[in-house]
Amino acid sequence: MRLSRYLAPTQKETPAEATIVSHRYMLRAGMVKQSAAGIYSWLPLGQRVLRKIEQIVREEQDHAGAVEVLMPTLQSADLWRESGRYDDYGQEMLRIKDRQDRDLIYGPTNEELIHDIFRQSVRSYKQLPMNLYHIQWKFRDEIRPRFGVMRGREFLMKDAYSFDVSEEAARTSYNKMFLAYLRTFARMGLSAIPMKADPGPIGGDLSHEFIILADTGESEVFCHKALVEMAPPDRNIADDDLQSVVDQRTSYYAATDEMHDAVEFEKVAEADRLTARGIEVGHIFYFGTKYSEPMNVTVAGSDGKDVFVEGGSYGIGVSRLVGGIIEASHDDDGIIWPMSVAPYEVGLINLKAGDEATDKACDALYDELGAAGIEVLYDDTSERAGAKFSKMDLIGIPLQLIIGPRGLKDGKAELKVRATGERDDISLDAAAQKLVAMVEQAR
RNA sequence: CGGGGUAUGGCGCAGCCUGGUAGCGCACCUGUUUUGGGAACAGGGGGUCGUAAGUUCGAAUCUUACUACCCCGACCA
């Protein structure tokens, strides 16, 4: 993409309302624009990151056997009356009337809707286990939205819902999601720690929050240090082995402040204790028949008798992750995107736009990298060099190729790694090949 | 929802107390000199001062109501 033809309204100054680093950088890098309290427009750079995160989530859900659907944002109030949550959910749920005076709600979550779909379509235990997910905008009318996209009112969430014929089978579904989540976050460069969680209003008795550590996190967390460095689990684990892998991950102490047990924590060797702040990026629940009973969701068991299905739900805050990743990966100059979610993989800086030789060299590399499938943000504007460097660092493009007349005389360009700040001369002829290799290795 | 605050060009702010028809920095446009880490100079464009009503010869400025947004708290993906 040529920057001269793009919408990336970066700013030198920090907007007054942003108090945390991810919000500041998202506004300064021109990724989002606030439209109302807790509601944002996603500008091109933000939209690309959002889509990349969404795609990683999708791939890992698919791989874990979940099946994608898409449910609407608006839902009939009747379904919520059936589950009993129309009255329980409170003012966080946005209620709307249509022109016929029918009650609608803007969905804060989708348990009711998915159970309705399921009960109308699935009749037999033979079709189970089944896990349906979608990635859709949610609305929760928070008392106080804040921290940019970290606690917005409208947010993009992946929510999956598992259906099983027995509690034991449901636990297998739960474990699959548990491990898929660890892989999902690892692919975004995040170390997410599963922590025992309070199931809250969703209900049930088995629940974990996935927390990434960041100084600006909303909750205080306590855990064993080993969890931070733990490698993500293997992608292919036999069903019979799931429990032992999950057990290995949950055997260490890890809890948020509301579930914290100081006595248990004391049993961890002092050098291994970690107290930090964290951001919740995922939350999984097993809730049994909490919805299937009131909504009469049954399948025929192997004995021919109907049984209530055992359910679980699994959420990932996709739009929150955009902020979360920035909180976890930035410096004083701006964002440092992991390659997997970067809006563009390579930033190409033309230090002297308008100079024939420089333009020619840059244009050629832009074409070559594009042809090789690399996503390039090409700064072809006539700004000064310093402004271009600052902007590219602020936006956080992981690899930068800097081309100016000075190096060009010797057939050289400069390759800069955003994360480390390292800059090396590289021959112009070898640049494309080298970049392709680096990008592919880091994807 | 309780407490506090703000609203003036795209962004950051001054002007308000003491009423006289809007200013600064950044950004934007033109030109010149520059040109490797957010250049300098000169010229220029852009604002019904959140909305409505009131007081007044005259309101960004005083009064009232409303709205929006931000911060702290309780609540939450």
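First the proteins, then the strands, lettered A, B, ... as listed; each starts at 1.
On the P atoms, rA68(B) is 25 Å away from rC75(B), given to the nearest whole Å. Between rG5(B) and rG50(B), the two C1' atoms lie 16 Å apart (nearest whole Å). Atom name P, nucleotides rG3(B) and rC66(B): the rounded distance is 15 Å, in whole Å. For the C1' atoms, the distance from rG20(B) to rA59(B) is 10 Å, rounded to whole Å. One C1' atom belongs to rA60(B), the other to rA14(B), and the distance between them is 12 Å to the nearest Å. Across rC26(B) and rA40(B), the matching P atoms stand 7 Å from one another, rounded to whole Å. Comparing the C1' positions of rG9(B) and rG44(B) gives an interatomic distance of 15 Å, to the nearest angstrom. rC41(B) sits 12 Å from rA27(B) when the P atoms are compared, rounded to a whole Å.
Just one of Asp379(A), Thr358(A), Asp359(A), Asp380(A) meets the side chain to side chain donor-acceptor pair (under 3.5 Å) condition when paired with Asn350(A); it is Asp359(A).
Residue Gly404(A) is classed as a base contact, given a heavy-atom separation below 4.0 Å to a base. Nucleic acid contact for Lys416(A): base, since at least one base atom lies under 4.0 Å from a heavy atom of the residue. When heavy atoms are screened at a 4.0 angstrom cut-off, Leu394(A) is found touching base atoms of the nucleic acid. Residue contacts for Gly282(A): at a heavy-atom cut-off of 4.0 Å it reaches no nucleic acid atom on any strand shown. No engagement by Asp159(A) is indicated, since no non-hydrogen atom pair under 4.0 Å with the nucleic acid exists. Using a 4.0 Å heavy-atom criterion, one finds that Gly152(A) contacts the bases of the nucleic acid, with or without backbone contacts as well.
With hydrogens and angles ignored, no donor-acceptor pair closer than 3.5 Å exists between the side chain of Lys12(A) and the base of rG25(B). Between the side chain of Asp333(A) and the base of rG37(B), no donor-acceptor pair under 3.5 Å is found.
Among residues two or more places apart in sequence or in another chain, the side-chain contact (heavy atoms from CB on, under 4.5 Å) test is passed with Ser390(A) by none.
Rounded to whole angstrom, the span from the CD1 atom of Ile402(A) across to the C1' atom of rU35(B) amounts to 15 Å. In this structure, Glu13(A) places its CD atom 15 Å from P of rG10(B), rounding to the nearest Å. Protein atom CD of Gln34(A) is 14 Å distant from nucleotide atom C1' of rU6(B), rounded to whole Å. If you take CD of Gln91(A) and C1' of rC1(B), they are 9 Å apart, rounded to a whole angstrom. The separation between Leu156(A) atom CG and rA77(B) atom P is 16 Å, rounded to whole Å.
Comparing Pro145(A) and Ile403(A), the nucleotide of RNA chain B nearest to each residue sits closer to the 5' end for Ile403(A). Between Thr14(A) and Arg406(A), the residue anchored closer to the 5' end of RNA chain B is Thr14(A), taking for each the nucleotide with the nearest heavy atom.
Note: Tyr366(A) and Tyr378(A) meet the aromatic proximity criterion, with ring centroids under 6.0 Å apart. Checked against a 6.0 Å centroid threshold, the rings of Phe178(A) and Phe210(A) count as neighbours.
For rC71(B), the OP1/OP2 oxygens have a side-chain nitrogen or oxygen of Arg144(A) closer than 4.0 Å. Distances shown here put every side-chain N or O of Gln11(A) at or beyond 4.0 Å from the OP1 or OP2 atom of rG38(B).
Judged by Watson-Crick or G-U wobble contacts below 3.5 Å, the nucleotide rG31(B) has rC41(B) as its partner. Across all strands shown, rA74(B) forms no Watson-Crick or G-U wobble pair with both key distances under 3.5 Å. Under the Watson-Crick or G-U wobble criterion, with both distances below 3.5 Å, rC62(B) is paired with rG54(B). The pairing partner recorded for rA7(B) is rU67(B), the criterion being a Watson-Crick or G-U wobble arrangement whose two distances lie under 3.5 angstrom. The partner of rA22(B) cannot be assigned: no Watson-Crick or G-U wobble pair with both contacts below 3.5 Å exists in any strand. Using N1 to N3 plus N6-O4 or O6-N4 for Watson-Crick, or N1-O2 and O6-N3 for G-U wobble, each under 3.5 Å, rU48(B) pairs with nothing. Remark: rA14(B) base-pairs with no nucleotide in the shown strands. Criterion, Watson-Crick or G-U wobble with two distances under 3.5 Å.
The ring of Phe389(A) does not lie on top of the base of rG38(B); it is either too far (5.5 Å or more) or too tilted (30° or more).
Counted within 6.0 Å of CG on Asp215(A), heavy atoms from surrounding residues, nucleotides or ligands total 12 or fewer; the atom is thus considered open.
Judged as a salt bridge (charged side-chain N to carboxylate O under 4.0 Å, His left out), the pairs with a partner in residues 57-74 of chain A (not counting sequence neighbours) are, in order, Glu54(A)-Arg58(A), Arg58(A)-Glu68(A), Glu59(A)-Arg187(A), Glu60(A)-Arg183(A), Glu60(A)-Arg187(A), Glu60(A)-Arg235(A).
Cation-pi geometry between Arg48(A) and Tyr344(A) is met: the NZ or CZ atom falls under 6.0 Å from the ring centre, inside 45° of the normal.
Closest approach to the Arg146(A) side chain among rC72(B), rU35(B), rA77(B) is made by rC72(B) (side chain taken as heavy atoms from C-beta onward).
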